[in-house]
Amino acid sequence: MQRLIVGVIAVLVLAAGILYSLRAPLRQAVESRLTADMFVSADQALRSLGPAVGSRFPGLRALHQGREITLLDGFAGANGTVLVASRSLVWCPYCMAEMRQLQEHRGAFDDAGIGLVTITSDSPGEQAAFARRHGITIPLLADVEALSFKTLGILHEDYRPGDEHYGIPHPGMIVVAPDGTVVGKLFLEGYRTRVAAPAALAYARDVLGLVPDR
């Protein structure tokens with residue numbers, strides 16, 4: 001009987017070890033399945049959330065590399081800036097997939113003279129860990145107190161202080177011209193879909209008045 005118990009324990013320990021070693025591939029497989037059809041065209045985006053098109057960008061209250069950020073100037077490209085508001089790079093698979101895709105296309109944004117910067121509800125440490133793990137070079141701003149999301153008018157209204165997810169934004173993008181004018185917005189209904197990076201770039205080029213690629 002004792003041998004049987006020892007054998008069962010050994011099998012359970014071995015199984016636990018195998019599952020532990022496979023946790024990353026399993027998580028990645030689940031995330032890939034969840035996000036397989038999440039990217040859509042810019043035509044499906046809403047324009048109601050966030051600062052009004054034609055208005056002055058209202059500013060930020062966020063952290064970047066230990067500094068408080070109030071303006072986008074330090075991240076702007078010669079032709080404008082795209083600010084990406086995302087919920088979390090810790091627990092939101094759609095946000096993670098979007099961030100990885102944006103990183104893949106960052107060179108195209110740079111070539112167009114458009115700065116790309118992301119703001120999330122995560123702490124700077126959590127953002128840094130995600131950036132290291134996935135090779136993210138896009139600047140990540142931390143709005144841990146939701147001050148920026150409130151100012152931008154994109155704080156998710158379904159959560160209240162004390163709720164687990166209080167402080168997350170409606171995910172989307174805001175396009176800002178070099179003079180600080182908001183010239184476009186891309187927000188979607190719900191959080192399981194995002195505008196694909198190439199479509200977002202084409203939209204940004206259009207609203208910024210850039211000559212289309214040939």
Side-chain angles (χ1 to χ4, degrees), residues 35 37-62 64-65 67 69-87 89 94-120 127 131 134-143 148-149 151-154 169-191 193-214:
T35 61
D37 301 314
M38 64 172 280
F39 293 110
V40 300
S41 70
D43 295 338
Q44 298 185 38
L46 308 172
R47 304 290 187 269
S48 56
L49 291 169
V53 171
S55 68
R56 185 81 179 170
F57 185 77
L60 302 168
R61 286 282 302 278
H64 176 66
Q65 297 181 348
R67 297 184 297 113
I69 300 298
T70 58
L71 300 171
L72 288 177
D73 296 12
F75 311 103
N79 294 321
T81 313
V82 172
L83 175 66
V84 182
S86 197
R87 303 189 327 155
L89 299 176
Y94 308 98
C95 304
M96 298 178 204
E98 178 186 39
M99 194 72 247
R100 291 192 294 265
Q101 190 191 74
L102 286 169
Q103 179 64 42
E104 291 174 5
H105 292 271
R106 184 185 181 180
F109 281 84
D110 290 341
D111 291 343
I114 300 173
L116 194 58
V117 58
T118 295
I119 184 168
T120 81
Q127 291 179 335
H134 297 282
I136 304 299
T137 59
I138 296 169
L140 301 175
L141 308 184
D143 188 18
S148 296
F149 299 143
T151 299
L152 295 172
I154 59 174
H170 288 280
M173 302 181 185
I174 300 171
V175 186
V176 184
D179 65 357
T181 302
V182 175
V183 294
K185 301 181 291 183
L186 293 173
F187 287 86
L188 294 163
E189 193 71 43
Y191 62 89
T193 54
R194 307 294 165 91
V195 174
L201 175 58
Y203 173 80
R205 291 181 63 96
D206 180 45
V207 296
L208 288 167
L210 304 180
V211 177
D213 290 327
R214 297 187 184 277

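Throughout, residue positions are numbered sequentially from 1 according to the sequence presented. Note that these values count all heavy atoms, side chains included, but never hydrogens, waters or copies made by symmetry. What you are looking at is a predicted structure, and each value in this text was computed from that prediction instead of being measured.
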Distance from [X] atom [atom1] to [Y] atom [atom2], nearest 0.5 Å?
{"X": "Leu188", "Y": "Thr193", "atom1": "CG", "atom2": "OG1", "value": "4.5 Å"}
{"X": "His170", "Y": "Ser86", "atom1": "NE2", "atom2": "OG", "value": "13.5 Å"}
{"X": "Ser148", "Y": "Leu141", "atom1": "OG", "atom2": "CG", "value": "7.5 Å"}
{"X": "Thr151", "Y": "Leu60", "atom1": "OG1", "atom2": "CG", "value": "8.0 Å"}
{"X": "Met99", "Y": "Gln101", "atom1": "CE", "atom2": "CD", "value": "10.5 Å"}
{"X": "Ile138", "Y": "His105", "atom1": "CD1", "atom2": "NE2", "value": "10.5 Å"}

Of all the heavy-atom pairs spanning [X] and [Y], show the shortest one and how long it is.
{"X": "Ala85", "Y": "Ile154", "answer": "CB-CD1, 3.6 Å"}
{"X": "Asp143", "Y": "Phe149", "answer": "OD2-N, 2.9 Å"}
{"X": "Leu140", "Y": "Ala131", "answer": "CD1-CB, 4.1 Å"}
{"X": "Ala62", "Y": "Ile119", "answer": "CB-CD1, 4.0 Å"}
{"X": "Glu98", "Y": "Met173", "answer": "OE2-CE, 3.7 Å"}
{"X": "Val183", "Y": "Ala177", "answer": "CG1-CB, 3.8 Å"}

Partners passing side-chain contact (heavy atoms from CB on, under 4.5 Å) against [X] (at least two apart in sequence or in another chain):
{"X": "Leu71", "answer": "Asp73"}
{"X": "Ser48", "answer": "Leu46"}
{"X": "Ala142", "answer": "Leu63, Pro124, Gln127, Val144"}
{"X": "Ala42", "answer": "Leu186, Val195, Tyr203"}

Test side-chain contact (heavy atoms from CB on, under 4.5 Å) applied to Leu102 and Arg194, step by step: CA-CA 11 Å; Leu102 286 169; Arg194 307 294 165 91; over 6 Å; no
Taking the side chain as every heavy atom from C-beta outward, state whether [X] and [Y] have any pair of such atoms under 4.5 Å apart.
{"X": "Val82", "Y": "Val175", "answer": "yes"}
{"X": "Leu83", "Y": "Phe75", "answer": "no"}
{"X": "Ile136", "Y": "Leu89", "answer": "no"}

Tyr191: ring pair (Phe, Tyr, Trp, His ring centres under 6.0 Å) partners, not counting sequence neighbours: Tyr94
Donor-acceptor under 3.5 Å (Asn79 side chain, Leu210 main chain): no
Donor-acceptor pair, side chain of Lys185 and main chain of Pro51, under 3.5 angstrom: yes
Under 3.5 Å donor-acceptor pairs involving side-chain atoms of residues 109-118, not counting sequence neighbours:
none

Worked verdict on Thr137 versus Arg106 for side-chain hydrogen bond (donor to acceptor under 3.5 Å, both in side chains): CA-CA 9 Å; Thr137 59; Arg106 184 185 181 180; 3.0 Å; yes
